[in-house]
2 protein chains.
Amino acid sequence: MSASSLTTGTNHHAGAAFPGLMVRDPDPTGSAACGPVADPLATLPAHAMAVNIEKEQTIYAEGSPAEFCYRIVCGCVRMVKLMEDGRRQVLEFLLPGDLLGFDALGTYDLSAEAVSPVVLHRYRRSVVEHLADGDPAIARRLRVLSAAGLRSAWERMMLLGRKTAVERIASFLLEMTARMPSGGRGGVLLPMGRLDIADHLGLTMETVCRVLSSLRQEGTIGMDRSVNGPQVTIRDPAGLQALACAARH
Amino acid sequence: MSASSLTTGTNHHAGAAFPGLMVRDPDPTGSAACGPVADPLATLPAHAMAVNIEKEQTIYAEGSPAEFCYRIVCGCVRMVKLMEDGRRQVLEFLLPGDLLGFDALGTYDLSAEAVSPVVLHRYRRSVVEHLADGDPAIARRLRVLSAAGLRSAWERMMLLGRKTAVERIASFLLEMTARMPSGGRGGVLLPMGRLDIADHLGLTMETVCRVLSSLRQEGTIGMDRSVNGPQVTIRDPAGLQALACAARH
DNA sequence: CGCAGGGTTGATAGCCTTCAAGGTCTGTGG
DNA sequence: CCACAGACCTTGAAGGCTATCAACCCTGCG
């Protein structure tokens with residue numbers, strides 16, 4: 001939204017286009033925005049190297065040295081944390097335009113895995129750090145990105161700590177429709193499976209299924225089987241919105 | 001003058017003048033640390049203004065314009081998010097040495113409230129931003145702080161999404177003992193009430209009580225009533241550690 | 001056609017919440 | 001000194017929400 005030049009082409013892989021760093025970005029300049037300003041990170045792509053990742057493959061693993069950071073060109077990535085026990089938490093899903101690894105600190109603290117086939121631009125972290133040292137605007141931009149990450153983490157902590165299953169699913173669907181390219185109107189094509197959604201929302205696969213089914217029966221959403229996976233359609237956005245926040249009995 | 005002047009007031013681990021935005025800070029210099037390096041933020045206190053806050057008073061409210069940021073000199077602060085519904089999530093507790101508001105973006109996204117009487121150093125955010133623009137080391141330091149905040153947020157999301165009540169309490173006690181000044185050995189004096197703990201861990205007050213009671217009966221912890229509140233003593237750290245991670249069935 | 005993987009639905013159990021009552025300590029005033 | 005109110009904490013009993021276990025469906029594929 002903020003960088004309109006980006007969203008013009010649906011599949012912005014056209015070499016010249018340099019999309020902004022994050023899909024939703026409250027304030028690209030960090031403060032006192034006055035009209036459309038060039039993204040300080042626009043020079044970054046000059047240092048990029050394209051990388052293709054197959055579905056279900058690991059981009060980087062928790063604990064490994066953080067040498068690179070990435071920008072997603074297309075596809076969907078999940079950020080994962082595991083317990084020895086096997087329990088899993090998907091901390092977030094990343095979509096085209098999102099950045100990953102920019103906030104690493106020596107080693108990665110999360111694993112990054114491809115939910116679908118993914119195309120990335122890869123940058124050397126040392127290069128990015130060097131650029132930031134030389135340009136306060138870039139440094140500021142990186143701080144803004146981290147701050148945005150913190151905000152979304154806090155929002156999700158509220159979801160995990162205090163919301164019911166129905167509220168979590170409703171919130172998730174609304175968030176995804178807002179972030180997905182085709183999210184303008186009804187349909188969302190969720191690239192991730194039920195288990196990924198469950199591990200993202202602190203639920204089980206079965207509960208996710210049950211809630212989705214009941215939402216469909218109530219007419220709040222629709223579910224079809226598209227060619228490349230299950231498609232969810234929002235039939236009653238207002239209803240979903242109501243469920244997402246205030247749905248305690 | 002120097003950073004040490006800040007920490008003198010509180011018995012805080014020496015050297016770590018600025019333990020992460022929220023918690024501990026793995027690598028103060030950002031990367032390639034070679035021995036003890038002066039904290040880039042050491043010059044900050046020159047711009048500080050001391051502020052006293054009474055117990056249960058609000059330092060700043062969610063949604064209000066973010067004009068200031070703070071460093072805690074002594075006392076305990078809780079960062080809170082509310083739903084219209086009244087449900088509450090305590091996203092984190094901040095202790096002496098911790099920073100708050102440095103990651104704000106126009107407006108505060110969380111409320112900051114004093115759990116106990118609190119003394120703060122207050123900085124104007126515009127000043128901090130200006131300093132960061134002029135000194136890459138400071139800018140880098142701020143990025144490291146945000147990254148540390150993200151890590152602790154991810155850790156807590158795992159806790160909220162996937163851990164049982166016993167595991168949450170055990171994790172919480174261990175984290176607090178590690179962070180509290182007197183945490184070297186057995187006892188921790190928890191400054192916050194049961195309800196705050198519950199809202200931090202995504203539980204109810206009653207569940208917190210029950211789990212603490214059962215831990216006491218098992219001899220894992222001890223509970224005494226000190227002059228300024230309930231005191232928890234860790235009698236079996238290894239046992240707690242075991243409960244914190246693997247306690248399913 | 002059989003198989004494998006993901007998704008859906010059902011029955012039961014368990015963890016935690018909810019509702020409720022009792023307990024302990026502190027401070028205040030008679 | 002004692003009574004009493006109030007805040008906070010603790011414990012008990014019942015119920016609900018979600019997990020667990022299990023079966024079944026559906027699609028794609030060899």
Side-chain angles (χ1 to χ4, degrees), chain A residues 55-56 78 83 85-89 115-116 159-170 172 189-218 221-232 243 247-249, chain B residues 55-56 78 83 85-89 115-116 159-170 172 189-218 221-232 243 247-249:
Chain A
K55 183 174 175 174
E56 293 303 315
R78 63 171 177 254
M83 293 175 65
D85 167 294
R87 280 174 283 180
R88 195 178 74 140
Q89 180 73 34
V115 171
S116 63
L159 179 148
L160 291 170
R162 288 299 178 214
K163 289 191 179 179
T164 67
V166 174
E167 292 169 321
R168 295 181 200 197
I169 301 276
F172 173 71
L189 198 106
L190 298 175
M192 69 296 285
R194 297 288 187 261
L195 188 57
D196 283 340
I197 298 176
D199 284 341
H200 182 51
L201 301 179
L203 301 169
T204 61
M205 204 180 57
E206 293 93 331
T207 300
V208 172
C209 277
R210 265 183 260 271
V211 171
L212 286 176
S213 293
S214 76
L215 288 178
R216 182 187 47 191
Q217 287 182 349
E218 294 167 6
I221 66 173
M223 294 170 68
D224 314 288
R225 233 167 268 284
S226 148
V227 277
N228 30 350
Q231 164 107 353
V232 173
L243 286 177
R248 170 137 318 231
H249 198 24
Chain B
K55 183 173 175 174
E56 294 301 316
R78 64 171 176 253
M83 293 176 65
D85 169 295
R87 280 174 284 180
R88 194 178 76 139
Q89 180 73 34
V115 170
S116 61
L159 179 148
L160 291 171
R162 287 301 178 213
K163 288 191 181 179
T164 67
V166 174
E167 293 170 319
R168 294 181 200 196
I169 301 277
F172 174 71
L189 199 105
L190 298 176
M192 69 294 286
R194 297 289 187 262
L195 188 57
D196 282 340
I197 298 175
D199 284 341
H200 182 50
L201 301 178
L203 300 170
T204 59
M205 204 180 57
E206 292 92 331
T207 300
V208 172
C209 277
R210 265 183 262 270
V211 171
L212 286 176
S213 294
S214 74
L215 288 179
R216 184 186 46 189
Q217 287 181 349
E218 294 168 6
I221 66 173
M223 294 171 69
D224 314 286
R225 232 166 269 284
S226 144
V227 277
N228 29 350
Q231 164 106 349
V232 173
L243 286 177
R248 168 136 321 230
H249 196 29

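Every chain is numbered from 1 and lettered A, B, ... according to where its sequence line falls, protein lines coming before strand lines.
Rounded to the nearest 0.5 angstrom, B/K163 NZ and A/R87 CZ are separated by 8.0 Å. To the nearest 0.5 Å, atoms CD1 (A/I221) and CG (A/L212) are separated by 5.0 Å. Atom CG of residue A/D199 and atom CZ of residue B/R162 lie 4.5 Å apart, to the nearest 0.5 angstrom.
In this structure, CZ of A/R168 is placed 10 Å from C1' of D/dT18, rounded to the nearest angstrom. As rounded to whole Å, 18 Å separates atom P of D/dT18 from atom CZ of A/R87. Rounded to whole angstrom, the span from the CE atom of B/M205 across to the P atom of C/dA20 amounts to 15 Å. The NZ atom of B/K55 sits 10 Å away from the C1' atom of D/dC8 (whole-angstrom rounding). Distance, A/R88 CZ to D/dA19 P: 15 Å, rounded to whole Å. Rounded to whole Å, the distance from CD on B/E167 to C1' on D/dA19 is 14 Å. Distance, A/M223 CE to C/dG6 C1': 12 Å, rounded to whole Å. Atom CZ in A/R162 sits roughly 14 Å away from atom P in D/dT18 (whole-Å rounding).
A/L243 approaches A/A170 most closely through the heavy-atom pair CB-CB, 4.0 Å. A pairwise comparison of heavy atoms in B/M223 and B/V232 identifies CG-CG2, 4.4 Å as the closest pair. In terms of heavy-atom proximity, A/R194 sits nearest to A/V208 at CD-CG1, 4.0 Å. Here the closest heavy-atom approach between residue A/Q231 and residue A/L189 is recorded as OE1-CD1, 2.6 Å.
Scanning for side-chain contact (heavy atoms from CB on, under 4.5 Å) contacts around B/S213 gives B/R216, with sequence neighbours left out. Every residue meeting the side-chain contact (heavy atoms from CB on, under 4.5 Å) condition with B/R78, not counting sequence neighbours, appears here in chain and number order: B/E56, B/V80, B/R88, B/V90, B/F93, B/E113, B/V115, B/D196. Shown here are the side-chain contact (heavy atoms from CB on, under 4.5 Å) partners of A/A165, two or more places apart in sequence or in another chain: A/L203, A/T207, A/V211.
The stretch residues 209-217 of chain B comes close to DNA chain C through B/R210, each having a heavy atom under 4.0 Å from the strand. Residues of residues 192-203 of chain A having a heavy atom closer than 4.0 Å to DNA chain D, listed by number: A/G202, A/L203.
Put simply, B/T204 has no side-chain N or O that comes within less than 4.0 Å of OP1 or OP2 on C/dC16.
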Exercise for the section: Evaluate side-chain contact (heavy atoms from CB on, under 4.5 Å) for A/M205 paired with A/I197, printing each intermediate quantity in order. Expected result: CA-CA 8 Å; A/M205 204 180 57; A/I197 298 176; over 6 Å; no

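Axis angle between the ends of the helix from C/dC1-D/dG30 to C/dG30-D/dC1, five pairs each and rounded to 10 degrees, works out to 10°.
When distances run from any side-chain atom of A/T207 to the nucleotides D/dA22, C/dC16, D/dA19, the shortest one goes to D/dA19.
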